[in-house]
Amino acid sequence: MRQIVLDTETTGLNPRTGDRIIEVGCVEILNRKLTGNNFHRYINPERDSDEAALAVHGLSTEFLSDKPKFHEIAEELRAYVQGAEVIIHNAPFDLGFLNAEFQRIGLPPFTEHCSGVIDTLVQAKELHPGKRNSLDALCDRYEISNAHRKLHGALLDSELLADVYLAMTRGQNSLTMDVAVEASAGGALLDAGPLGEIFVLPASEAELAAHEEVLAGLDKNVKGTCVWRNYSPPQPDSVA
């Protein structure tokens with residue numbers, strides 16, 4: 001399964017009033033492993049950023065003046081996300097800008113090029129109702145260091161969100177967190193080790209007696225043998 005964690009930085013809050021994308025950062029996850037095959041581009045928006053937005057990302061008009069315009073990187077971005085599941089924190093915001101940029105140059109909306117979108121903000125609210133679920137708050141909750149994050153940056157935020165997503169969905173597919181990091185030499189991928197030995201605690205005699213009492217009560221209620229009497233747990237030597 002190929003997934004792309006994506007973030008953007010913009011000149012302001014509303015593409016309908018002319019705000020544009022100035023940075024796109026993407027991190028690739030393949031079968032729950034970080035591959036290092038990332039995508040990162042700064043973009044000349046052909047306009048200034050709002051003061052509030054500039055204070056968040058720090059990308060000045062002067063810095064962006066010699067960067068490619070969106071139409072020059074659109075095909076590359078489209079090819080990169082093609083067919084992948086895209087993961088975004090507060091997806092409506094980024095998708096609104098991406099769809100607007102694609103439509104501006106005559107391409108189908110961004111969402112038509114990927115297989116689906118996961119909004120980690122929605123996921124986080126379901127997992128932690130009533131709690132703060134900003135990216136910074138999730139980094140704190142899952143003990144992911146973001147000390148180096150002084151300003152917002154699309155690639156940096158995507159890297160942090162990738163770690164948050166893997167931590168937040170840990171255990172959905174396996175008992176281990178299949179995260180990989182690039183080795184310092186050769187670009188090889190190193191799998192995370194197992195979580196450790198799984199200990200099985202058998203029921204005590206008192207617990208078995210209490211269980212039997214419950215089953216006897218069920219037998220009495222159905223005037224026969226309850227279905228739980230027919231269950232036989234697999235024996236250790238029969239487990240593959």
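Owing to the predicted nature of the structure, the values given are computational and were not obtained by experimental measurement.
Hydrophobic clustering (ILVMFWY, side-chain heavy atoms < 4.5 Å, transitive): L13 and I22 are in distinct clusters. Y80 is connected to I88 through a chain of hydrophobic side-chain contacts under 4.5 Å among Ile, Leu, Val, Met, Phe, Trp and Tyr, so both are in one cluster. The hydrophobic clustering, which links ILVMFWY residues whose side-chain heavy atoms are closer than 4.5 Å, places M168 and V117 apart. Hydrophobic clustering, with ILVMFWY side chains joined whenever heavy atoms are under 4.5 angstrom apart, groups L77 together with L107. The same ILVMFWY cluster, assembled from side-chain heavy atoms under 4.5 Å apart, contains both I87 and L156.
For the pair I29/T35, no side-chain contact is recorded, criterion being any heavy-atom separation below 4.5 Å from C-beta on. Between L161 and L138 the shortest side-chain heavy-atom distance does not fall below 4.5 Å. Taking 4.5 Å as the limit, every side-chain heavy atom of R170 sits out of range of all side-chain heavy atoms of Y142. Residues L95 and P109 are not in side-chain contact: their nearest non-hydrogen atoms beyond the backbone lie 4.5 Å or more apart. The shortest side-chain heavy-atom distance between E9 and D157 falls under the 4.5 Å cut-off. In this structure, the side chains of D163 and L34 come closer than 4.5 Å at one or more pairs of heavy atoms. Contact annotation: the side chain of K67 never approaches that of I43 to less than 4.5 Å [non-hydrogen atoms, C-beta and beyond]. Side-chain contact between F93 and T10 is present, with at least one heavy-atom pair separated by less than 4.5 Å.
Between H71 and E101, the side chains place no donor N or O within less than 3.5 Å of an acceptor N or O (distance only, hydrogens not considered). In the model, T8 has a side-chain atom that pairs as donor or acceptor with a side-chain atom of D94 under 3.5 Å. Under 3.5 Å, the side chains of D19 and T11 contain a donor-acceptor pair of N or O atoms.
Salt bridge status for D140 with R132: absent, with no side-chain N to carboxylate O gap under 4.0 Å. Ion pairing between E85 and R2 fails under the 4.0 Å rule for side-chain N and carboxylate O.
Residue-environment remark: CD (E205) stays at or below the threshold of 12 foreign heavy atoms within 6.0 Å. For L30, the CG atom is densely surrounded, since the number of other residues' heavy atoms within 6.0 Å is greater than 12.
The line from OG1 of T61 to CZ of R47 is 9.0 Å long, rounded to the nearest 0.5 Å. The distance from atom NZ of K33 to atom CE of M1, rounded to the nearest 0.5 Å, is 12.0 Å. In this structure, H211 NE2 and S204 OG are separated by 12.5 Å, a value rounded to the nearest 0.5 Å. Atoms NE2 and OG, from H57 and S60 in turn, are 9.5 Å apart once rounded to the nearest 0.5 Å. Rounding to the nearest 0.5 angstrom, the gap separating the CG atom in L98 from the CD atom in Q103 is 11.0 Å. To the nearest 0.5 Å, the span separating OG on S115 from CD on Q82 amounts to 10.0 Å.
Here the options are V164, N146, D7, the test is side chain to side chain contact (heavy atoms under 4.5 Å, CB included), and the partner is L135; only V164 passes. Applying the side chain to side chain donor-acceptor pair (under 3.5 Å) test between N133 and each of K125, R141, H128 identifies R141 as the sole match. Between Q3 and the choices L166, V86, N31, I118, the side chain to side chain contact (heavy atoms under 4.5 Å, CB included) rule is met once, by I118.
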> Can you list the steps and then say if N99 with T111 is a side-chain contact (heavy atoms from CB on, under 4.5 Å)?
Replying inline: CA-CA 7 Å; N99 287 336; T111 46; 3.8 Å; yes
>> Before you tell me yes or no, could you show the steps for Q123 and Y165 under side chain to side chain donor-acceptor pair (under 3.5 Å), namely the whole-Å CA-CA distance, both residues' side-chain angles and the distance that decides it to 0.1 Å?
In response: CA-CA 9 Å; Q123 281 190 330; Y165 172 77; 5.2 Å; no
>> Apply side-chain contact (heavy atoms from CB on, under 4.5 Å) to residues E23 and R41 and explain how you reach the verdict.
In response: CA-CA 6 Å; E23 185 185 8; R41 299 291 183 272; over 6 Å; no
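Contact between S158 and L6 at its shortest, heavy atoms only, is OG-C, 3.5 Å. The two residues S49 and L59 make their nearest non-hydrogen contact at OG-O, 4.2 Å. The heavy-atom pair separating F97 from N14 by the smallest distance is CZ-N, 3.7 Å. Between G96 and P15, the shortest heavy-atom contact is O-CG, 3.8 Å.
Formation of a donor-acceptor pair under 3.5 Å by the N37 side chain with backbone atoms of E28 is not found in this model. The backbone N or O of L121 sits less than 3.5 Å from a side-chain atom of D119, completing a donor-acceptor pair.
Between H113 and F102, the distance from one ring center to the other falls under 6.0 angstrom. Checked against the 6.0 Å centroid threshold, F63 and Y42 count as a close aromatic pair.
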